> 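A single structure is presented below for examination.
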Amino acid sequence: MNAESNATPPAANVAPSDFIRDIVAQDLAAGRHPEGIVTRFPPEPNGYLHIGHAKSICLNFGIALENGGRCHLRMDDTNPAKEDIEYVESITADVKWLISGWADSVLGLKPKGAKPAAEGGDFRIRPVPGAENTSSAAELEPFFASDYLEQLYAYAERLIEKGKAYVCDLSPKETDEYRGAPDKPGKNSPFRDRSVAENLDLFRRMRAGEFPDGARTLRAKIDMAAPNVWLRDPLLYRIRHIDHHHAGSGWCVYPLYDYAHCLSDYLEGVTHSVCTLEFEVHRPLYEWLLGALDLPRVLPRQYEFAKLHLAYTIVSKRKLLQLVNEKVVSGWDDPRMPTLAGIRRRGVPASALRRFVTGVGVTKFDSLTELAVYENAVREELNASAHRRFGVLRPLKIILVNLAPDEVVECSAGNLPSDPAAGSRTLALTREVYIESEDFAEVPPPKYFRLKPGGEVRLKYAGIIKCEEIVKDASGAIAEIRCTFDRDTRTGQPGADRKVKGTIHWVSASLAVEAEVRLYDRLFTVPEPGDAEDFLKVLNPNSLEILTAKLEPCLSGATPGQSFQFERLGYFTPDAKDSAAGRPVFNRTITLKDTWAK
RNA sequence: UGCCCGAUGGUGUAAUGGUAGCACAGCAGAUUCUGACUCUGCUUGUUAAGGUUCGAGUCCUUAUCGGGCAGCCA
């Protein structure tokens, strides 16, 4: 690769643009946000982040980065029954990994334990500026919606005082019946017209723990006949006598998403609250709640985009969990999983994932992205950076009959042929070497460039060999191939120019290290496994193949986080869990493109 | 069928009333000590019908198709 093509490709160079970024630019131009742009990534800590979240993360952090703003990482943790600190930790790690080296400086975190403070008769919580993230002595943590329980409660009382919320005694079943249907208006709750004083008293007693779960709710007083069902007096608070993984044991009333989300955005000073399309119908409620409270600061605005759908993959939390529970995969971070943890373990660089999700764009069209787009992004990234190595997956022994048993021919091989600055290593050609079984054919198909009876092939970086004799074992299987090595064609020698059609990789049999290598393929056999009657019935039975490979010696020192291209085979990375010092287990991240196989 | 949203080559996306472009995929060729990379060329598109306009992928109307919404989940 020359210097020019080594440069960052246009796709990663050009500032992305989309309808949301356009809105941000317009708002900025209109002077709407003198304090700067603030976005947020607000997962609920009830599962692992997956490739779909990567799109949202790159959008939110990207907008902040491009506009000198900030992006808060916030746990949307208002349903303690489903959440766990395990997820808080995995989410935080995954986000940091994905933005590392790109948007770290705009990651909004806050001092551990910080809560909103009173500010101008209102509440507000501010992040520690990104630049101070690393230098600050104070311990930082993400934002948590559950840190706002006290302020949210205060806002709820204000809503009651304004006559815009009421305590409702309807049972869950009754509430459902009163709501009507999309094409049928609902009807007013019999508790809708309680006095402010009674509502206040009841709500305070709800908080005090006087009523059991499900006995009462706090509801917004909007319009039970609204065409948008989310405006039919939506529930704001429910009673749950349960401790919270982050907030502790002080609460038995917890706010619902619609109420907590808009106000959390407001408390943090979020300017642009970006979410996926299914929340489109919630937007009027988002705006109603913020409007109903007559808040003094600029209000956040919600915008929606289409979530990522990638062919041959599933992201449903329930289904992913099923794969884990039924041991289809080894865990949430199995390299075949679409989780960020799995993708990372597979060896995909964060930069490749970013390149991919940025490339698919941001629209309101519900699309299905081909896997090839993802694979291309991974290859682009790895091709430019992964050092080249030789590894033989399915060894076939070659005896170079004209080499002495103890003879060593030293061969210099560039780490990154496109970039001499990346250095080189020395390969030792010995009398016995392994080549890929696929690289020999006793009965070659048409246009076969590799080794065949009587044929020649170049051992890359070494020289040309000629197949002289096939040695078979008692069962008739090929045991080894006896070849002659043409010393005149040694790389670097004048005779090296002699043309042979094929060039193959190889390793010295005596010097090679053995390593377990795991080859992965897509988990499903159909482009939309989520639409299958039973997604477990469209599993790819060959999604994992485990081999014992022969690798060039220096690979024994490989460590997780490194990526290598095993020439002609693909990109590999040491497995972060199962590798031992000096004895790595390799995961194949992705194959090289193979136009011959087709 | 109540409300909301969407529709540009095979796929994804750009064009903000003025030359339909880019990427991926595909095909053909060049190059190659990786059948990779790189390079060159090619194929393929504005859902439909009306309207506004000098001019419409873009604005309006209707139709068609697709998606979302009726948790005390987020």
Side-chain angles (χ1 to χ4, degrees), chain A residues 1-2 4-5 9-11 14 17-19 22 42-44 46 76-79 81-83 168 170-172 175-176 179-186 213-219 226-232 235-240 254 256-258 260-261 275-284 304 306 311 359-377 379-380 383-384 388 390 413 417-418 447-450 458-464 489 491 496-497 499-505 565-570 591-598:
Chain A
M1 193 184 270
N2 61 32
E4 193 184 340
S5 54
V14 172
S17 174
D18 54 66
F19 74 100
D22 289 348
E44 182 187 16
N46 70 345
D76 216 354
D77 57 348
T78 55
N79 185 3
K82 288 189 169 182
E83 299 153 5
C168 181
L170 251 25
S171 71
T175 305
D176 203 39
R179 186 159 32 229
D183 55 349
K184 269 191 312 222
D213 286 4
R216 291 182 220 264
T217 57
L218 183 73
R219 302 179 68 176
N228 180 342
V229 293
W230 288 101
L231 259 18
R232 321 246 259 230
L235 274 59
L236 269 23
Y237 271 89
R238 78 292 224 190
I239 300 173
R240 287 284 177 276
Y254 291 97
L256 280 115
Y257 165 83
D258 287 291
H261 203 89
C275 59
T276 47
L277 242 29
E278 66 266 30
F279 293 100
E280 222 164 3
V281 287
H282 294 241
R283 193 189 333 131
E304 312 86 13
V360 300
V362 178
T363 66
K364 300 182 80 161
F365 178 64
D366 206 18
S367 59
L368 178 68
T369 299
E370 288 178 346
L371 237 205
V373 180
Y374 171 71
E375 296 180 332
N376 178 261
R379 291 191 183 109
E380 286 268 350
N383 179 50
R388 313 286 123 123
F390 281 172
S418 61
K447 286 190 163 176
Y448 188 76
F449 298 164
R450 288 107 98 153
R458 184 187 304 276
L459 297 184
K460 190 170 185 184
Y461 297 124
I464 295 170
T489 62
T491 299
D497 289 344
K499 295 293 177 205
V500 284
K501 196 60 184 163
T503 300
I504 63 176
H505 59 281
Q565 183 195 101
F566 291 4
E567 292 205 38
R568 305 208 304 132
L569 297 173
T591 59
L592 253 31
K593 242 208 281 191
D594 185 358
T595 47
W596 161 244
K598 297 174 187 171

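Here is how names work: the chains are called A, B, and so on, in the same order as the sequence lines, proteins then strands, and each is numbered from 1. Just so we're clear, the structure is a prediction, and the values are computed from it rather than from any experiment.
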> Checking all strands, does A:Leu569 fall into the base, sugar-phosphate, or nothing category for heavy-atom contacts under 4.0 angstrom?
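If one applies the 4.0 Å heavy-atom cut-off, A:Leu569 turns out to touch nothing in the nucleic acid.
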
> Can you name the residues that form a ring pair (Phe, Tyr, Trp, His ring centres under 6.0 Å) with A:His261, not counting sequence neighbours?
A:Tyr257

> Sequence neighbours left out, what passes salt bridge (charged side-chain N to carboxylate O under 4.0 Å, His left out) with A:Arg232? Give chain and number order.
none

> In chain order, what residues pass the salt bridge (charged side-chain N to carboxylate O under 4.0 Å, His left out) check against A:Asp213, with sequence neighbours excluded?
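None.
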
> Got a sec, which residues hit salt bridge (charged side-chain N to carboxylate O under 4.0 Å, His left out) with A:Asp258, two or more places apart in sequence or on another chain?
none

> Between the protein and nucleotides 6-8 of chain B, are there any N/O to N/O pairs under 3.5 Å, and if so, what are the atom names and distances?
none

> For RNA chain B, list all stems, counting runs of three or more consecutive pairs where every pair is Watson-Crick or G-U wobble with both distances under 3.5 Å.
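Ordered by first number, the stems with RNA chain B (at least 3 consecutive pairs each) read B:2-7 with B:64-69, B:10-13 with B:21-24, B:26-30 with B:38-42, B:47-51 with B:59-63.
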
> Indicate, with a heavy-atom threshold strictly under 4.0 Å, whether A:Glu375 touches base, sugar-phosphate, or nothing.
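The answer is nothing, as A:Glu375 stays clear of every strand by at least 4.0 Å.
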
> Between B:C69 and B:U1, how far apart are the C1' atoms? Round to whole Å, please.
15 Å

> Starting at the 5' end of nucleotides 69-74 of chain B, put B wherever the base has a protein heavy atom under 4.0 Å, S where only the sugar-phosphate does, and a dash everywhere else.
SBSBBB

> When you compare B:U61 with B:U53, how far apart are their C1' atoms, in angstrom units rounded to a whole number?
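Their C1' atoms lie roughly 16 Å apart.
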
> Could you list the residues that satisfy side chain to side chain contact (heavy atoms under 4.5 Å, CB included) with A:Leu592, not counting sequence neighbours?
A:Gln565, A:Tyr571

> For B:A36, does OP1 or OP2 lie under 4.0 Å from any side-chain N or O of A:Thr595?
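So the side chain of A:Thr595 is within the cut-off, an N or O lying under 4.0 Å from OP1 or OP2 of B:A36.
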
> Among all residues two or more places apart in sequence or in another chain, which pass the side chain to side chain contact (heavy atoms under 4.5 Å, CB included) test with A:Phe365?
A:Thr363, A:Ser367

> Of all residues at least two apart in sequence or in a different chain, which pass the salt bridge (charged side-chain N to carboxylate O under 4.0 Å, His left out) check with A:Glu44?
none

> With a 4.0 Å limit, can you tell me whether A:Thr363 has a side-chain N or O closer than that to the phosphate oxygens OP1/OP2 of B:U13?
yes

> Quick one: list whatever passes ring pair (Phe, Tyr, Trp, His ring centres under 6.0 Å) with A:Tyr374, sequence neighbours left out.
A:Phe356

> Between A:Arg568 and A:Lys501, name the one whose nearest nucleotide on RNA chain B is closer to the 5' end.
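In this pair, the answer is A:Lys501.
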
> Between B:C33 and A:Lys499, is there an OP1 or OP2 to side-chain N/O distance shorter than 4.0 Å?
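Affirmative; the distance criterion is met.
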
> Can you name the ring pair (Phe, Tyr, Trp, His ring centres under 6.0 Å) partners of A:Tyr461, sequence neighbours left out?
A:Phe390

